[in-house]
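What follows is a set of notes on a single structure, which appears directly below.
Both counts, for ligands and for their atoms, begin at 1 and track the order of listing.
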Amino acid sequence: MINIILFGAPGAGKGTQANKLIEKYQLVHLSTGDLLRSEIAKKTDLGIAAKKVIDRGELVPDEVVIGMIDRKLEEHKNSNGFIFDGFPRTTPQAVALDRLLADRKKPILAMIALLVEEEELIKRLLNRGKDSGRTDDQELSIIENRIKVYTNETAPLAEYYTSKNKYVGIKGVGSIDDIFGRISDTIDKLK
Ligand code: ATP
Ligand code: MG
């Protein structure tokens with residue numbers, strides 16, 4: 001069982017690396033950002049409410065994303081493991097994840113953090129905004145707010161997992177394959 005939290009600021013490359021990791025290790029990708037965007041596309045009540053928050057660069061309420069993760073864990077009960085991408089993003093989310101995984105006897109192997117400096121993050125996100133159509137990537141002030149929210153609410157989770165001896169930081173700059181190699185080496189040593 002390989003359960004990995006891919007961690008990092010907006011634009012750190014979590015989604016890109018998650019897609020490669022699920023192939024290599026046969027894991028299920030759980031991205032709360034992707035799940036929320038799918039609700040937005042379907043124009044569900046949840047999606048309509050989430051879009052307002054996401055377009056300001058703020059976080060969706062904890063109970064909403066925790067509920068989504070709970071349902072997905074249940075749906076993929078027999079998987080080899082999960083890549084958590086964009087979750088947990090707050091301390092209450094991390095505490096809830098601990099409980100959800102403890103109930104199912106599926107511990108976290110590691111939190112792998114992709115380390116990228118702010119200037120590079122902003123460059124990547126503005127670039128993605130040009131062709132992805134993601135409304136939260138199109139305006140500098142929104143991107144800056146997301147980075148601020150990340151610094152204040154999400155970055156402290158690095159200490160939470162360090163205290164459990166689960167935190168590994170990885171250089172998130174370079175070619176996609178080089179970064180993937182670094183992540184795979186880390187997983188292979190731990191598994
Ligand atoms: P990356 O580019 O590294 O994949 P990102 O931050 O640009 O990361 P997503 O993870 O897709 O993009 O998240 C997009 C938005 O969805 C967030 O800014 C936030 O509003 C909302 N969101 C996603 N996950 C959560 C979560 N766990 N808790 C609260 N809000 C979330
Ligand atoms: Mg993403």
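- Looking only at distances, no side-chain donor or acceptor of E120 sits under 3.5 Å from a matching main-chain atom of A12.
- Atom 4 (O) of ligand 1 has its closest protein heavy atom at G15 N, 3.9 Å.
- Heavy atoms from other residues, nucleotides or ligands lying under 6.0 Å from NZ of K191 number more than 12.
- Polar contact with ligand 1: absent for S31 (N/O pair, distance under 3.5 Å).
- For G11, a nitrogen or oxygen atom sits less than 3.5 Å from a nitrogen or oxygen atom of ligand 1, counting backbone and side chain alike.
- With respect to atom 30 (N) of ligand 1, the closest heavy atom belonging to the protein is V60 N, 3.1 Å.
- Given atom 7 (O) of ligand 1, the protein heavy atom at minimum distance is R146 NH2, 2.6 Å.
- When each atom of ligand 1 is checked for a heavy atom of A12 under 4.0 Å away, the hits are 3 (O).
- Counting only distance, with no hydrogens or angles, the side chain of R182 and the backbone of K171 share a donor-acceptor pair below 3.5 Å.
- Salt bridge status for E23 with K20: absent, with no side-chain N to carboxylate O gap under 4.0 Å.
- Between E74 and R104, at least one side-chain nitrogen of the basic residue sits less than 4.0 Å from a carboxylate oxygen of the acidic one, meeting the salt-bridge criterion.
- Residue E159 qualifies as open at atom CD: its count of foreign heavy atoms under 6.0 Å is 12 or below.
- Closest protein heavy atom to atom 12 (O) of ligand 1: R134 NH2, 3.1 Å.
- An N or O contact shorter than 3.5 Å links E58 to ligand 1 by distance.
- Proximity annotation for atom 27 (N) of ligand 1: of R128, Q17, R124, Q93, Q93 comes nearest, heavy atoms only.
- Although no hydrogens or angles enter the test, the distance criterion places a donor-acceptor pair under 3.5 Å between the side chain of K166 and the main chain of I108.
- Which parts of ligand 1 touch T32 is read off a 4.0 Å heavy-atom cut-off, strictly below it: atoms 23 (C), 24 (N), 25 (C), 26 (C), 27 (N).
- Of the charged side-chain nitrogens involved, none lies within less than 4.0 Å of a carboxylate oxygen, so that R99 and D70 do not count as a salt-bridged pair.
- Taking any N or O of G86, backbone or side chain, at least one lies under 3.5 Å from an N or O belonging to ligand 1.
- Heavy atoms from other residues, nucleotides or ligands lying under 6.0 Å from CD of E118 number 12 at most.
- Proximity of V65 to ligand 1 is established by a heavy-atom distance of less than 4.0 Å.
- For ligand 1, one of its N or O atoms has an N or O atom of R37 under 3.5 Å away.
- Residue-environment remark: CG (D103) exceeds the threshold of 12 foreign heavy atoms within 6.0 Å.
- The atoms of ligand 1 that sit less than 4.0 Å from any heavy atom of A9 are 3 (O).
- R89 CD, 3.5 Å is the protein heavy atom nearest to atom 26 (C) of ligand 1.
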